[in-house]
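Heads up: the structure comes next, in structure tokens.
Labels below follow one simple rule: chain letters A, B, ... track the order of the sequence lines, proteins then strands, and each chain is numbered from 1.
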There are 2 protein chains.
Amino acid sequence: MTIGRTLESDPIEEARRQWIDHGWTAAADGMAAVTSIVRAQQIVLQRIDTVLRPLDLTFARYEILTLLSFTKRGSLPMTRMGALLQVHPTSVTSAVDRLESQGFVERLPHPKDRRAVLASITEAGRARALAATHALNGQVFEQLGITEHQINQLRTVLRALRANAGDF
Amino acid sequence: MTIGRTLESDPIEEARRQWIDHGWTAAADGMAAVTSIVRAQQIVLQRIDTVLRPLDLTFARYEILTLLSFTKRGSLPMTRMGALLQVHPTSVTSAVDRLESQGFVERLPHPKDRRAVLASITEAGRARALAATHALNGQVFEQLGITEHQINQLRTVLRALRANAGDF
DNA sequence: CCCAGAAACACGGATATCCTAATATTTGTC
DNA sequence: GACAAATATTAGGATATCCGTGTTTCTGGG
């Protein structure tokens with residue numbers, strides 16, 4: 001599962017030093033922060049996929065199932081899910097295709113708008129989503145390896161970044 | 001470029017509230033932090049791709065070019081690059097395939113180990129990498145929309161996370 | 001010293017995912 | 001009622017990962 005052997009030093013810190021040595025000092029910290037985000041996402045997504053693979057789910061499909069399970073009727077229009085989860089409409093289509101073939105979701109016609117399609121979670125979908133959440137909680141979300149204080153720093157800073165990007 | 005319309009509230013904060021309401025309090029902050037990392041990566045990678053597209057580069061290929069430009073001889077064994085950039089060997093192969101077809105990199109035989117292949121950056125590759133770095137510095141790395149203090153918090157916390165994952 | 005087995009290296013094929021562009025249908029608006 | 005916008009889908013390109021293969025190098029027992 002691990003990609004390479006252990007490295008002698010932090011490659012991101014080394015890149016940051018290179019930036020400074022080349023005179024790009026104003027961008028050095030930002031470059032290091034961005035690269036850290038990309039790498040951290042690889043790490044957590046790899047852990048998530050490892051936990052989710054035995055359950056035949058990916059993170060994208062897990063997010064859809066969990067979102068649907070939180071709604072009152074267990075269903076949402078496709079476009080609405082794309083907006084809430086910040087993914088492209090085509091990604092929603094392909095993910096729902098797979099979830100439907102797995103029996104976790106079914107497509108229903110929208111009662112008011114004949115253009116729209118409702119994705120509705122099934123009982124099997126609810127059960128699988130719950131099992132996945134319990135596995136992720138215990139094996140990923142409660143095991144990040146950083147302090148509670150650091151977790152909250154992360155949430156706060158990234159919320160500022162997301163807000164600046166127009167996320168909400 | 002933006003995916004959906006502006007949302008009324010922070011969807012991650014809403015998910016965190018759902019976690020607490022369901023009694024998964026111990027995992028709520030970790031879930032929010034992980035989801036924030038995933039979303040933040042989407043945001044920064046989208047900005048990076050927008051800047052790099054006119055230069056016919058992706059972030060993965062840009063990283064390879066920049067890494068090579070930082071070495072003394074401008075060349076590295078394929079496996080070594082995979083280890084430094086934390087990507088799979090097959091990803092290195094396909095990225096170098098494309099860079100070679102673009103004329104930014106050439107494959108050379110390793111002088112000592114006939115199994116290995118050296119990827120060597122060309123002059124065109126150096127020029128393109130430099131142009132890309134200047135564009136990314138000005139349009140992404142210096143424009144994150146968060147304070148310098150927050151940038152450094154991010155670096156520190158994510159370094160702890162990466163160290164815990166065995167990155168270095 | 002020698003040689004058989006293990007490990008490392010790069011690549012090709014198959015699969016899954018995401019994004020872009022284009023399309024058909026339906027709804028809303030002036 | 002004509003025209004613009006929204007909705008979901010399909011098709012195509014690019015990327016990343018998993019698995020297996022052929023070649024080369026390393027290692028350890030004889």
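By the salt bridge (Lys or Arg N to Asp or Glu O under 4.0 Å) test, B:R61 pairs with no residue at all, sequence neighbours left out. For the ring pair (Phe, Tyr, Trp, His ring centres under 6.0 Å) test, no residue two or more places apart in sequence or in another chain qualifies with A:H110. Residues passing the salt bridge (Lys or Arg N to Asp or Glu O under 4.0 Å) test with B:R159 are A:E13, sequence neighbours excluded. With sequence neighbours excluded, the residues satisfying salt bridge (Lys or Arg N to Asp or Glu O under 4.0 Å) with A:D113 are A:R115. A:A28 pairs by the side chain to side chain contact (heavy atoms under 4.5 Å, CB included) definition with A:R16, A:W19, A:I20, not counting sequence neighbours. In terms of the salt bridge (Lys or Arg N to Asp or Glu O under 4.0 Å) criterion, B:E148 has no residue partners (sequence neighbours excluded).
Between the A:Q150 side chain and the A:T147 main chain, a donor and an acceptor come within less than 3.5 Å of each other.
Using a 4.0 Å cut-off, some side-chain N or O of B:R61 falls inside it from OP1 or OP2 of D:dT15. For the pair A:H110 and D:dT7, the criterion of a side-chain N or O lying under 4.0 Å from OP1 or OP2 is not met. For the OP1/OP2 pair of D:dT17 and a distance below 4.0 Å, the side-chain nitrogens and oxygens of B:H88 include at least one atom meeting the criterion.
Of the residues in residues 90-102 of chain A, those placing a heavy atom less than 4.0 Å from an atom of DNA chain C are A:T90, A:S91, A:R98, in numerical order.
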All N/O donor-acceptor pairs, side-chain side in residues 128-136 of chain B, below 3.5 Å, sequence neighbours left out:
from, atom 1, to, atom 2, distance (Å)
B:R128, NH1, B:L55, O, 2.6
B:T133, OG1, B:Y62, OH, 2.7
B:T133, OG1, B:A129, O, 3.0

Between protein and nucleotides 3-5 of chain C, what N or O pairs are separated by less than 3.5 Å?
none

Shorter than 3.5 Å, N or O on both sides, protein versus nucleotides 24-28 of chain D: list them out with atom names.
from, atom 1, to, atom 2, distance (Å)
D:dT25, OP1, B:R114, N, 3.0
D:dT25, O4', B:R115, NE, 3.3

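Applying the salt bridge (Lys or Arg N to Asp or Glu O under 4.0 Å) test to every pair with at least one member in residues 86-107 of chain A, sequence neighbours left out, gives these pairs: A:D97-A:R107, A:E100-A:R107.
The hydrophobic cluster around A:L108 extends to A:L118, counting ILVMFWY residues whose side-chain heavy atoms fall within less than 4.5 Å of a member.
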